[in-house]
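Comments concern the structure below.
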Amino acid sequence: MTNKGVDYYKRAAVRAMQWHAENINKMKQCRFDTIAVHGIYSMQEALDFNQGSIIEPIYMSTSQAYRDSDEMEAALGYQIPTWCYSRIANPSMYYLEGVLALLEGYGASVDTSCIATASGMAAIQSAVDPFLVEDYKNPNRPMNFVATCQVYGGTFQQFAMRKEKDRNISWRRVINSNDIDEWESNIDENTRFLYGELPSNPSQGFFDIKKVIDLAHKYSIPAIFDSTVATPALLRPIEFGADIVVQSVTKSLFTSGFGIAGAIIARKNITTNIDNPEMKADFCAYLKLLPNRDNGPNISPMNAILAINDIRTIRSRMDLVSRSTLKVSQFLKQHKHIEGVDYLGLDEHSLHPIAKKYLFLVDAEYDDQYGTPQNRYGHLMSFRVKGGAQKARDVFDAFQRIWRATDLGRIKSVATIPSISTHSQQGEEARQLAQIPPHLIRLCIGMEHPDDIIADLDQALQVLDGKKVFFTSPEYSAGGASSAKIG
Ligand SMILES: *Cc1c(COP(=O)(O)O)cnc(C)c1O
C-alpha cells in the first residue's frame, strides 16, 4: 500500500471547507429566527454524515480516529479541520459555536467567530487573559484594564481577586459608565482593553456603547462587552463595532436550566496593541487552537447540544418575557410597599433614553405582528422594598410561585437578594458603588402568564400588612429534607 500523503487530506479538506462555507453563507441570507432554528447544521451534513438525523447529533466521544498516519499528521498539525480531542473541539461544540457566531454577528458587516466554554466565567477569563500578558519588550511594565464597576458578582471577584490581588493587574473602575470622560481619564499606554456589562446584573446599568467602542479604538485597544442580560435577540454589540462579546449562555439562551455554558464571539481582525497577528486576525480561532487548548476550559458536547436546543426560540422568548416584565414592573412601581423599581423599560428610569437607543427586538420590522422596530428591555429587573433589609427578606420568603434561587434567564421566574447571595463577597463599599442595597430584590420573569406572577408578588407583599402567609417547611418535603441535611 502506498501512502496517500498529507496533501491528499489537505485537498479533501479544501473541498469540505468550501461546502461548509457555502452553507454558512446561505444561512447568513436568512432572518434571525431561521438562523437560530437551523444554525449551521445542514441537510447535506445530516444525510451524508449523521444518518439523516434532523437534530444536531451529540458526539459523546473524547477523540476522533484517523484513517492513517498522514491524516493524523495533517490534523494534529492544524492543516485540516479536525476535532481530534474534545478538550479542543468536537462536532457538537462546533454547531453551538456556529449558531452563536451567526446570531451575534447578525446585521453586522463583518465576519464573526465563536468559541464555547464550560461557563460564562470561563468565557470572561478566556476573553480577557490574552490581553493581560507581559510585554516582553518592556518586562516589569505594569498592566491595567478599564471596566465598569457595575458587573455580575462573579466577574467582580474574577477582576478584583484573580487579576488584581493574585496578579497585580490593576482594574481601573468606571463608576459612572455614562461619563465618557471618566472612561478616558482611566486609559494610559498600559491599558489593555475596555470592558463593560450591559444591561448590568442586577442594577440595570447601561451606557452609550458606541462611544465606548470609539474610545477604545482611539487608543488601539479592544472593546469587550458582557451582553448576557440582553442576548443577541435584543443587542448585538459587534454591529456597533465591538471587538469581543462574552455570553453566559447559561442564562436566557439556555433557558431550560439544564446546564452551565459560556461563549466568546469576536469579529475578525480585532483592535489590540498586543503584537500577536494570529490573535488579531481571528481571536476565537486563536483561543481554540492555543490558549484554550492549553488551559482546557471548554464545554462538554452534551451541554452544547442542550444549549443549541434552547437557543432556537430565543427571539420569541425574549419578546414575550420582555413584555411580561414591563407589565410586572408597572404593577410593582405603584405598590404601596415598594420604594422603587429598576427596569430599563420604564420611562422614568434615568437610563431609559439611552437603553431605548440600543435595545430592540431583532427583526420586529419583518414580523407580521409588529411591522416596525420595537424596543424590548429583557426580563431582568429589580425592586427595593420600603422599610429596609428585613422587610425585603419577609417579602422574598413569602413567594410561592417565584423561585428563590441565585439564577436568572430561566423559563421559570426566579428571584434573589443580591446583597446576601450573588454579590455578598465583594463587600459593602463595592456594593454601594454598584448600587446594590440590602433591600433590593432581583427578579427575572419567566414565561408564566404575567398575571400569575403579579398575583404571587401581591400576596407576598401582603406579609407587610401583617397578613399570615404560607411558608414552605423542610419537614414536609423530601427535597427540603435532603437539602437541610446538606446544609
Ligand atoms: C451568570 C453571569 C455570568 C457568569 O456566567 P456562568 O455561566 O454562571 O459562569 C457572567 N455575566 C453575567 C452578566 C451573568 O449574569
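Each ligand, and each atom within it, is numbered from 1 in the order the structure gives. Just so it is clear, the structure is predicted and the values come from calculations on it, not from any experiment.
Near G120, the atoms of ligand 1 lying under 4.0 angstrom from a non-hydrogen atom of the residue are 5 (O), 6 (P), 7 (O), 9 (O). Interface of N201 with ligand 1, defined as ligand atoms under 4.0 Å from a residue heavy atom, comprises 14 (C), 15 (O).
Inclusion of T155 in the set of residues having an N or O under 3.5 Å from an N or O of ligand 1 is not warranted. At a 3.5 angstrom cut-off on N or O pairs, V229 does not count as close to ligand 1. By the 3.5 Å distance cut-off applied to N or O atoms, E197 is not counted among the residues near ligand 1.
The aromatic ring centroids of F383 and Y343 lie 6.0 Å or more from each other. Taking the six-membered ring for Trp, F156 and W171 have ring centres closer than 6.0 Å.
Ranked by closest heavy atom to atom 13 (C) of ligand 1, the top entry among D407, D226, I260 is D226.
The protein atom (non-hydrogen) at minimum distance from atom 7 (O) of ligand 1 is T250 OG1, 2.6 Å. Scanning the protein heavy atoms around atom 4 (C) of ligand 1, the nearest turns out to be Y152 CE2, 3.4 Å. Nearest protein heavy-atom neighbour of atom 5 (O) of ligand 1: S248 OG, 2.9 Å. In terms of protein heavy-atom proximity, atom 1 (C) of ligand 1 is nearest to K251 NZ, 1.4 Å.
More than 12 heavy atoms of other residues, nucleotides or ligands shown are found within 6.0 angstrom of NZ on K268. Annotation: R87, atom CZ; neighbour count of heavy atoms from other residues, nucleotides and ligands within 6.0 Å is above 12. Within a 6.0 Å sphere centred on OH of Y370, other residues, nucleotides and ligands contribute more than 12 heavy atoms.
A salt bridge does not link R315 with D319: every distance from a Lys NZ or Arg NE/NH1/NH2 to an Asp or Glu carboxylate oxygen is 4.0 Å or more.
Checked by atom type, the side-chain pair Q247/E104 shows a donor-acceptor distance below 3.5 Å.
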